[in-house]
Novice: 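Take this structure, written in structure tokens, and hold onto it; I'll ask about it next.
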Amino acid sequence: MKKIAYFPGCSLAGMDAEYDEASRLAARELGIELVEVEDWNCCGATSGHSTDKELSVMLPGRTLGTVEKMGLDTVTAACAACFSRLVTAQEILKEDKEMASRLMPELGISSPDAVKVLSLLRVIADIPKDEIAGKIKVRLEGLKPACYYGCLIARPSGLVGEEHPENPMAMDNLMSLTGAEPVRWYHKTECCGAALSLSRTDIVLAMNAKLIKMARDAGANCIVTTCPLCFTNLDLRQPQARKVVNETAPPMPAFYFSEILALALGIPRKKLGFDKHTIDVGPLLDHVLGASAGKGGE
Amino acid sequence: MNIITPEKTDKQFLEKIEKESGQNLTACNQCGKCTAGCPIAGFFDIMPHEVMRSLQWGLKDDLLNSHFIWLCVNCMACRERCPREISVSEVADALRREAVKEGVKPAEPDVATFHKNFMGVITMNGRLHEVMLTALQNVFTFKPFKDAMLGVGLFLKGRLKLLPGRIKDAGFLKLISGRLKKN
Amino acid sequence: MSKAEEKEKTENAEKHEWEPKIVGFLCRWCSYAGADLAGSSRIEYPPNVRVIRVPCSGRVNPLHVLRAFRKGADAVLVAGCHPGDCHYSEGNYYARRRLDVLKELLEFIGIEPERFRLEWCSASEARRFADVITEVTGQVKKLGPLNPKENKNG
Amino acid sequence: MPRIGVFICHCGINIEKTVDTAKVAEAARSFPGVVFAADYKYMCSDPGQNMILDAIREYNLDRIVVGACSPSLHEPTFQACVAKADLNPYFFEMANLREQVSWVTHDREMATEKAIQAVRMAVAKAGKSEPLASQSLPITKKALVIGGGISGIQAALDIAEAGFPVILVEREPSIGGRMAQLDKTFPTLDCSACILTPKMVEAARNPNITIHTYAEVENVAGFIGNFEVTIRKKARSIDMSKCTGCGVCYEKCPVKVPNKFEEGTGERKAIYVPFPQAVPNKPVIDREVCLHFTKGKCGICAKMCPAEAVVYNQEDEVITEKVGAIIVATGFDLFDTKRYEEYAGGAHPDMITSLQFERLINASGPTQGKLRRPSDGKEPETIVFIQCVGSRDDKMGRPYCSRICCMYTAKQTILVREKFPNARIFVFFMDIRTAGKNYEEFCRRAIEDYNAEYIRGRVSKIYPSGDKLIVEGSDTILGRPVEIAADLVVLAAGAEARADAKDLARMLGIQTDQYNFFSEAHAKLRPVETMTGGIFLAGACQFPRDIPDCVASASASAAKALALFGKPELASLPTVAKVDESRCSGCMACLSVCPYSAVTMEEVKNKSGGIREVARVNPGVCQGCGACAAACNAGVIDLLGYTNEQIACQVDAALL
Ligand SMILES: Cc1cc2nc3c(=O)[nH]c(=O)nc-3n(C[C@H](O)[C@H](O)[C@H](O)COP(=O)(O)OP(=O)(O)OC[C@H]3O[C@@H](n4cnc5c(N)ncnc54)[C@H](O)[C@@H]3O)c2cc1C
Ligand SMILES: Cc1cc2nc3c(=O)[nH]c(=O)nc-3n(C[C@H](O)[C@H](O)[C@H](O)COP(=O)(O)OP(=O)(O)OC[C@H]3O[C@@H](n4cnc5c(N)ncnc54)[C@H](O)[C@@H]3O)c2cc1C
Ligand code: SF4
Ligand code: SF4
Ligand code: SF4
Ligand code: SF4
Ligand code: SF4
Ligand code: SF4
Ligand code: SF4
Ligand code: SF4
């Protein structure tokens with residue numbers, strides 16, 4: 001079993017425990033053990049770099065140092081914001097030699113790129129296709145996901161390791177392996193506005209409504225995310241967003257990509273926290289799993 | 001009277017932000033692609049390309065008092081598509097930090113309060129705690145019941161923890177709170 | 001003046017005292033034109049290179065390079081068109097073959113490889129030309145003079 | 001001992017600003033052999049040149065050194081100047097104090113020092129210079145034109161009309177180039193075919209012009225006045241002498257493929273004429289798709305042809321031609337708009353390139369000029385044009401302005417307005433560049449009379465929604481984002497160098513710029529010449545150009561070729577290799593490296609009467625590369641003008 005350091009981040013440890021659970025389970029099925037970073041701290045998110053550049057390096061920097069201490073060479077974050085902060089910290093340390101020489105010893109970092117930072121999506125997408133295909137137990141035919149990557153997992157290109165900042169395909173390809181039929185849509189990496197979720201909810205709701213509409217127009221019957229902030233935004237805030245635009249079409253179920261993957265890998269539905277979703281995913285899952293003869297169902 | 005004169009502008013500000021953001025600000029040719037693709041532009045008071053133009057002039061006060069600096073979510077759509085390879089996102093960051101440093105009264109108090117609360121919670125615990133953050137946000141922005149209904153729903157679904165997690169490394173907490181106080 | 005300041009001053013003076021001499025053989029079709037373009041584009045670079053215009057990098061005889069080192073050059077640069085772009089179709093290949101051998105010889109007699117550079121630089125690569133000169137000058141400054149005491153009359 | 005005069009130029013303040021020219025002149029006075037030194041404001045001006053002539057007379061100078069700009073600018077000027085005083089032009093040397101000193105060094109002291117050094121080296125070299133003379137060479141008074149677009153056609157016609165033969169090589173089955181694809185042309189809106197077709201026919205009829213279509217130049221050897229080119233005429237599978245151009249053959253051909261000439265908007269058969277006005281108007285079989293060649297069956301066209309002109313087993317023909325001048329007129333490619341992933345990957349059917357637009361609105365195009373939405377055939381009500389797609393974009397590696405797209409976009413808005421009086425027509429632009437005769441007026445007409453709505457701002461994203469394309473742009477003048485639901489989006493794709501321009505440049509031994517467009521010898525003073533003698537540039541292969549500019553540059557390059565043909569003979573290069581036969585061991589090292597086979601081995605008699613072989617250089621063939629001189633260990637073969645001794649002196653002077 002390959003060991004990869006795992007930075008759950010505040011969202012997963014707090015509100016989004018079901019993503020955490022699904023990710024660990026799915027990864028294990030695929031031969032990867034996610035080892036939680038010891039005594040990890042918050043990455044600082046947008047507030048960090050809005051306040052103080054050095055602090056915005058120190059917060060994720062400590063994690064990088066800890067991973068080195070744990071003797072692991074790769075760390076993954078399930079949350080796009082955490083992932084972005086980790087990569088950016090590395091980048092700043094690489095560029096700002098002065099800051100690097102001051103902070104690195106304190107944080108226990110030997111070299112800015114001593115550990116590789118990968119998004120959880122990338123970790124799984126890097127597993128050979130056949131290997132994943134061989135482990136799919138439940139075909140999720142009838143699931144038409146709009147794969148939503150969000151802004152921070154595909155940008156800035158060159159730093160994050162996704163193929164294209166406008167039309168990344170890693171998640172789409174994974175979804176196809178499960179038998180789902182991802183739709184071609186054009187808002188895969190459009191921002192959801194999560195950073196303003198608590199302070200300018202009005203803006204976030206408008207962005208949310210647009211994303212859901214675009215996914216629906218493209219023929220999707222659910223939206224799949226890689227990031228807890230995106231998920232919270234699209235799931236938890238969706239009822240509010242619907243009100244703002246007087247939406248009459250049925251709500252759009254949202255999932256984490258690892259939940260879908262876990263289902264397809266044969267992990268029982270009830271072990272995955274679908275009941276915690278705000279938008280009811282039951283009917284859609286009944287439909288999809290029913291179609292595959294209830295093999296993965298309860 | 002709102003007339004620009006060279007005397008009213010601050011060219012050093014351009015240099016400062018250039019350095020802080022690592023972007024070549026004079027490279028901007030005002031094509032407007034950043035504004036065109038920005039998901040929040042419809043809510044801004046100053047458009048991303050106008051931010052760049054204002055910087056080229058050195059209109060420091062306009063910028064530090066803008067809503068823009070608080071509303072930009074750093075999604076980097078602008079950075080990805082700018083034909084001159086400039087990141088307005090980085091510029092927004094630098095301006096925001098500058099505003100904090102100079103103690104400018106934020107045009108978006110709720111956003112500024114959010115960042116402050118956020119940093120407060122993590123310096124206390126090393127980690128974020130949504131209940132605490134939401135509570136603080138609502139108290140400090142005088143909107144006590146905002147999002148409360150969401151909160152109850154989450155609580156009932158078992159998605160909210162009421163007790164914050166805290167990291168063990170007290171030294172690090174001290175280090176970051178020291179760093180914060182310096183500002 | 002504090003001690004530290006004094007030290008810095010003498011260090012600076014020392015730095016200023018010695019400017020390396022670099023002889024550059026530039027092909028007139030590409031690198032010489034690239035150097036001209038650096039001029040028209042007003043790209044500044046260190047003034048240490050003394051340029052000899054040759055019709056082709058293939059014109060440069062290894063003996064010319066050796067002579068330069070013997071007469072006190074701290075570095076020698078030969079620059080020509082990119083492989084495949086030679087105005088005379090293959091002069092730069094001959095240059096490479098010949099000068100690679102020379103490079104080994106130079107290493108053998110103890111001249112650091114950084115002191116002899118064979119570079120490809122086209123007529124449009126003004127920036128690259130300036131960068132190469134800046135880089136070589138920097139490297140040689142770090143290495144110090146080649147044979148500080150030795151003859152100038154051999 | 002030579003008597004050397006040194007002249008240091010201020011170039012106004014270009015040199016003087018950072019170089020203390022008086023000090024340089026002063027220093028020069030102490031260099032060995034220097035008997036006179038002075039500085040002056042503009043050496044290349046008449047008074048400057050007279051100053052040199054006066055000094056030669058007064059001080060009896062026999063070598064001249066000028067420290068000024070780059071020799072690539074004014075070496076010929078000063079060589080001509082000293083020749084007036086009956087000095088051999090190779091007694092002149094130039095030190096480059098502007099491009100390589102004053103413009104790249106800010107510190108005045110250092111710049112002055114570097115300038116002194118450069119002059120010292122030039123003086124040292126001049127001291128060892130010898131008089132050089134050229135030989136006269138014959139000129140083949142025949143031109144090769146590569147590329148049969150409007151530029152190539154114009155150049156060929158001009159040369160032919162002056163009475164010299166021209167060979168025109170075009171790689172497509174017809175001449176015409178991009179212009180043949182256009183509908184109407186700015187700024188006069190004449191129909192492209194109406195003005196181009198007569199020229200194509202004229203070129204075909206002119207007895208001095210031989211056109212090879214479906215052909216490519218495979219090799220070029222030789223030098224100015226004396227090139228030898230190899231041309232491959234690809235097998236057309238048609239006997240051109242029998243074919244009457246009746247067109248029966250392609251009517252019945254069962255194979256349909258996208259037509260490249262229609263930019264993929266229409267189809268053609270496996271046997272085809274690319275467009276109705278093609279010259280020659282005779283078909284060609286595309287062997288990649290023809291069933292006879294891919295599956296070994298069919299043969300319908302041969303059966304149908306009343307003239308028995310279809311020849312399946314025809315083979316490529318390789319011919320060689322001797323020419324004295326070559327004009328390159330290979331034109332341009334269009335930027336691949338698919339590279340803009342944010343524009344829905346450039347791949348939506350209702351998003352077309354500007355060139356596809358030309359075909360779709362063209363009465364002889366695939367839709368007979370009925371412009372409809374490609375996706376569903378509906379009449380477009382809202383049309384959005386986007387300028388600078390793949391131009392002025394560092395991110396795409398295309399920071400330059402393509403020069404033609406502002407104007408052709410204005411033209412296209414007029415053309416659509418004529419078809420759809422009620423449509424809304426939007427144009428997103430960054431700047432409107434209309435620097436040409438009647439161009440600005442033309443563009444204003446599009447805006448004022450044809451009601452094209454111009455929006456200043458670049459588009460960031462385009463995506464389909466429902467049956468519309470949503471265009472997300474901005475109006476930077478108002479400072480607001482703009483969103484338009486369009487039926488049809490036209491991308492003004494930028495112009496770029498032909499994909500294979502670099503290969504052609506290598507074959508010809510000419511230079512390309514950083515975007516792979518061919519480089520002229522000097523942007524202002526020699527704009528249609530290349531650095532290689534006898535090779536000239538015409539049209540858009542050099543940089544994006546519209547038709548008026550293409551035709552002007554084509555005529556200019558023709559004039560250059562004619563100037564060459566007007567000479568009775570050619571002076572050979574004086575800076576050639578020379579062998580000291582008495583010392584040559586006959587090792588043949590020089591012979592083996594000469595790229596032009598200018599070295600041969602000749603038998604000579606020894607003093608003792610024995611016979612031995614020595615190297616000998618043909619000065620008419622030698623191009624002065626010096627590879628031989630570098631190869632000869634004994635220093636027997638040397639390059640005049642760049643002798644071993646001269647280089648050694650320069651090295652020594654550099655290190656004093
Ligand atoms: C959409 C659009 C609209 C335009 N509208 C206008 C307008 O209204 N008015 C105007 O003035 N200009 C217009 N232009 C510009 C005009 O098309 C060009 O100025 C002109 O066609 C360039 O002519 P050219 O002969 O230099 O190149 P081309 O037309 O490109 O011709 C080059 C020829 O060389 C051939 N060739 C290439 N390589 C080789 C090779 N290796 N060997 C042999 N043959 C080769 C090609 O097949 C081609 O036939 C427009 C351009 C575009 C893209
Ligand atoms: C301020 C300015 C800056 C410029 N900078 C640049 C630059 O940086 N780069 C660049 O490329 N271009 C530049 N230009 C443009 C450049 O000056 C012109 O392109 C160029 O000089 C035009 O040359 P010409 O020979 O066509 O015309 P002119 O230079 O005008 O020459 C015409 C000549 O004809 C003579 N003449 C006129 N009528 C008669 C007659 N009836 N009989 C006999 N002789 C007559 C005139 O006396 C004159 O000597 C600049 C122009 C200006 C105004
Ligand atoms: S996209 Fe870039 S160049 Fe264009 S206006 Fe914005 S910052 Fe300036
Ligand atoms: S980073 Fe800021 S300015 Fe740029 S597109 Fe995103 S929100 Fe707009
Ligand atoms: S000779 Fe050259 S340097 Fe002198 S004035 Fe003329 S252009 Fe300028
Ligand atoms: S090949 Fe025959 S059928 Fe075809 S056009 Fe020529 S003559 Fe007519
Ligand atoms: S032989 Fe080839 S070209 Fe002729 S009709 Fe058949 S498919 Fe067409
Ligand atoms: S000509 Fe106009 S449209 Fe074309 S690149 Fe230049 S500015 Fe853009
Ligand atoms: S210089 Fe020598 S190698 Fe070069 S072309 Fe002349 S003879 Fe040949
Ligand atoms: S290399 Fe020198 S010695 Fe040998 S054949 Fe040529 S000229 Fe003679």
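So you know, we letter chains A, B, ... as the sequences are listed, proteins then strands, and number each from 1.
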Novice: Quick one: what part of C/Val23 sits under 4.5 Å from any heavy atom of chain D, side chain, backbone, both or neither?
Specialist: side chain

Novice: How long is the span from the OG atom in C/Ser122 to the CD atom in D/Gln514, to the nearest 0.5 Å?
Specialist: 8.5 Å

Novice: To the nearest 0.5 Å, what is the distance between CG (D/Asp107) and CD (C/Glu44)?
Specialist: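 The CG atom of D/Asp107 sits 8.5 Å away from the CD atom of C/Glu44.
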
Novice: Can you find a heavy atom in the side chain of D/Val651 that is under 4.5 Å from one in the side chain of C/Arg50?
Specialist: no

Novice: When you compare the side chains of C/Arg59 and D/Asn644, does any donor N or O come within less than 3.5 Å of an acceptor on the partner?
Specialist: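 On atom types as modelled, these side chains qualify, holding a pair under 3.5 Å.
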
Novice: What do you reckon, is NZ of D/Lys128 surrounded by more than 12 foreign heavy atoms closer than 6.0 Å?
Specialist: no

Novice: Tell me, side chain or backbone of D/Met121 under 4.5 Å from chain C's heavy atoms, or both, or neither?
Specialist: side chain

Novice: Identify which part of D/Thr18 has an atom lying under 4.5 Å from any heavy atom of chain C, answering side chain, backbone, both or neither.
Specialist: neither

Novice: At what distance, to the nearest 0.5 angstrom, does OH of C/Tyr88 lie from SG of D/Cys594?
Specialist: 11.5 Å

Novice: Is any side-chain heavy atom of C/Pro55 closer than 4.5 Å to a side-chain heavy atom of D/Leu639?
Specialist: yes

Novice: Who wins among C/Ala123, C/Ser124, C/Pro62 for the most heavy-atom pairs under 4.5 Å with chain D?
Specialist: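 Looking at each option in turn, the highest pair count goes to C/Ser124.
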
Novice: Counting only heavy atoms from other residues, nucleotides and ligands, does the tally under 6.0 Å from CD of C/Glu112 exceed 12?
Specialist: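 Enclosed.
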
Novice: Is it the side chain or the backbone of D/Asp503 that comes within 4.5 Å of chain C heavy atoms, both, or neither?
Specialist: neither

Novice: Quick one: does C/Arg53's side chain get under 4.5 Å of D/Pro71's, heavy atoms only?
Specialist: yes

Novice: Taking C-beta and beyond as the side chain, do C/Tyr45 and D/Thr105 meet within less than 4.5 Å on heavy atoms?
Specialist: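 A side-chain contact is absent here, since even the closest heavy-atom pair is not under 4.5 Å.
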
Novice: Under a 4.5 Å cut-off applied to non-hydrogen side-chain atoms, are D/Asn96 and C/Tyr32 in contact?
Specialist: yes

Novice: What part of C/Arg98 gets closer than 4.5 Å to chain D, counting heavy atoms only: side chain, backbone, both or neither?
Specialist: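 Only the side chain of C/Arg98 comes within 4.5 Å of chain D.
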
Novice: CD of D/Gln511 to NE2 of C/His87: how many Å apart, nearest 0.5 Å?
Specialist: 7.0 Å

Novice: Which answer fits D/Lys502, side chain, backbone, both or neither, if we ask what part of it has an atom under 4.5 Å from a heavy atom of chain C?
Specialist: side chain

Novice: Checking side-chain contact (heavy atoms from CB on, under 4.5 Å) between C/Arg67 and each of D/Ile647, D/Asp652, D/Leu655, which is the one that passes?
Specialist: D/Asp652

Novice: Between C/Asp36 and D/Ser70, does any side-chain donor sit less than 3.5 Å from a side-chain acceptor?
Specialist: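 Yes - a donor-acceptor pair under 3.5 Å links their side chains.
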
Novice: If you count heavy-atom pairs under 4.5 Å with chain C, which of D/Gly509, D/Ala505, D/Ala627, D/Ala653 comes out on top?
Specialist: D/Ala627

Novice: Identify which part of C/Tyr94 has an atom lying under 4.5 Å from any heavy atom of chain D, answering side chain, backbone, both or neither.
Specialist: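 When you check distances to chain D, only side chain atoms of C/Tyr94 fall under 4.5 Å.
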
Novice: Between C/Val49 and chain D, with a heavy-atom cut-off of 4.5 Å, which part of the residue counts as in contact: side chain, backbone, both or neither?
Specialist: both

Novice: Minimum heavy-atom separation for D/Leu656 to C/Lys21, with atom names?
Specialist: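 Closest approach of D/Leu656 to C/Lys21: O-NZ, 4.2 Å.
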
Novice: Any idea which of C/Pro46, C/Pro47, C/Cys56, C/Ala35 has the most non-hydrogen atom pairs under 4.5 angstrom with chain D?
Specialist: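 Sorted descending by pairs with chain D, the first entry is C/Pro47.
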
Novice: Please round to the nearest 0.5 Å and tell me the distance separating atom CZ of D/Arg506 and atom NE2 of C/His82.
Specialist: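 The distance works out to 10.0 Å.
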
Novice: Could you state the interatomic distance from CD (D/Gln117) to CG (C/Asn48), rounded to the nearest 0.5 Å?
Specialist: 11.0 Å

Novice: Counting heavy-atom pairs under 4.5 Å to chain D, which of C/Cys30, C/Ala95, C/Ser40 comes out on top?
Specialist: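 The option with the most such pairs is C/Ser40.
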
